[in-house]
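Since this is a predicted model, take the numbers as computed values, not measurements. To find a chain, count down the sequence lines: A is the first, B the second, and so on, and within it residues start at 1.
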Number of protein chains: 2
Amino acid sequence: MIEGVQLTELRIIEVEGGDVLHAMKRSDPGFNGYGEAYFSTVEHGATKAWKRHRSMVMNLVVPVGKIRFVLYDDREASPTYGRFSEFLLSRENYQRLTVPPMVWIGFQGVDGTPSLLLNVADIEHDPQETDRVGLEEFDFSWKVEE
Amino acid sequence: MIEGVQLTELRIIEVEGGDVLHAMKRSDPGFNGYGEAYFSTVEHGATKAWKRHRSMVMNLVVPVGKIRFVLYDDREASPTYGRFSEFLLSRENYQRLTVPPMVWIGFQGVDGTPSLLLNVADIEHDPQETDRVGLEEFDFSWKVEE
């Protein structure tokens, strides 16, 4: 696992008429304060990469569909420097992915239908603290076997 | 509008490959502290009613599907005592519904497919602060015209 990244099992409570899905309690591992919660929808096959937050701790949950996340650590002082790490999140593998600042992230919709991603972030959105580079910047193949 | 209830327009930002949908910033109207974020899925036609929180302020957002909410005010000191209030939330009518403590709430899935509801609550889940009564307790017709 990339230094500082956490994966936390989440509960789905079966309820007649529709289940309850946990996302993030303030007493949960990975909670670092609350700034903003927002959704990203991810179309099937769409890849959004690469992005890095300079300050934000992301807490990512996938309640609908299936999303492939790839993290890349280029922090020179990190024990996991140069490493990629991959996660496939969905309701079937219902976990929360905590991503510390300065780790690159990309994600891809791999469900037949649009997927939904919730980020419970410790700060409000601020374009100033976000870096972006193109898909080809790091040596990772996003190709999905059909 | 029932006393203490707020409805707040939310932004959807169009992005290639999948839109970004705002849910709740800590600087937003209705924010009352952060305790927990959790999802409820609501099957088409399923009705969950009635529930009341004694302490929790709910902030409700519907990123998937369409949910009908009905609120009922039986707080004797309230200027809107005895009133029902109805809201239909979806991505087409993308608003956040803030519900204060002691107001009864029920909801119903009215999309063809399962809907998804996010609650950004100011306290963590605590069954002790929740009251429930049956669907028939208040004189409201949940029947949907097909």
Let me know if A:L118 has heavy atoms under 4.5 Å from chain B in its side chain, its backbone, both or neither. side chain

Who among A:A121, A:S27, A:P114, A:G109 has the most heavy-atom pairs with chain B under 4.5 Å? A:S27

Between A:K48 and B:G18, what is the shortest heavy-atom contact and its length? NZ-O, 2.7 Å

Donor-acceptor contact below 3.5 Å, side chain A:K25 vs main chain B:I123: no

If every non-hydrogen atom of A:A46 is compared with every non-hydrogen atom of B:G17, which pair is closest and at what distance? CB-O, 3.5 Å

Mind checking whether A:I13 and B:M58 sit in one hydrophobic cluster, side chains of I, L, V, M, F, W, Y counted as touching below 4.5 Å? yes

Spell out, yes or no, whether B:Y94 and B:L7 are grouped together once hydrophobic residues are joined by side-chain heavy atoms under 4.5 Å, including indirect joins. no

Minimum side-chain heavy-atom gap B:H125-A:H22 below 4.5 Å: no

Would the number of heavy atoms belonging to other residues, nucleotides or ligands and lying under 6.0 Å from CD of A:E86 be above 12? yes

Measuring heavy-atom distances to chain A, does B:V64 have an atom under 4.5 Å in its side chain, in its backbone, in both, or in neither? side chain

Are any non-hydrogen side-chain atoms of B:F39 and A:D19 less than 4.5 angstrom apart? no

Find out whether B:Y38 and A:L21 are in side-chain contact, i.e. whether some heavy atom of one side chain is under 4.5 Å from a heavy atom of the other. no

Please state whether the side chain, the backbone, both or neither of B:L117 comes within less than 4.5 Å of a heavy atom of chain A. neither

Interchain contact, B:R11 with chain A, by part (heavy-atom threshold 4.5 Å): neither

Give the cluster check for B:Y72 versus B:F140: same hydrophobic cluster or not, with ILVMFWY residues linked at side-chain heavy-atom distances below 4.5 Å. yes

Do A:V42 and A:L60 share a hydrophobic cluster, counting only Ile, Leu, Val, Met, Phe, Trp and Tyr and linking them when any side-chain heavy atoms are less than 4.5 Å apart? yes

Chain A shares the most heavy-atom pairs under 4.5 Å, among B:G33, B:S40, B:P63, with B:P63

Worked check of side chain to side chain contact (heavy atoms under 4.5 Å, CB included) between A:E36 and B:M24: CA-CA 6 Å; A:E36 177 173 6; B:M24 172 126 247; over 6 Å; no

Need one label for B:S115: side chain, backbone, both or neither, based on atoms under 4.5 Å from any heavy atom in chain A. neither

For each of B:E124, B:E43, B:E16, tally heavy-atom pairs with chain A at distances under 4.5 Å, and name the one with the top tally. B:E124

Are B:I105 and B:L88 connected in the hydrophobic side-chain network, where two residues link if heavy atoms are under 4.5 Å apart? no

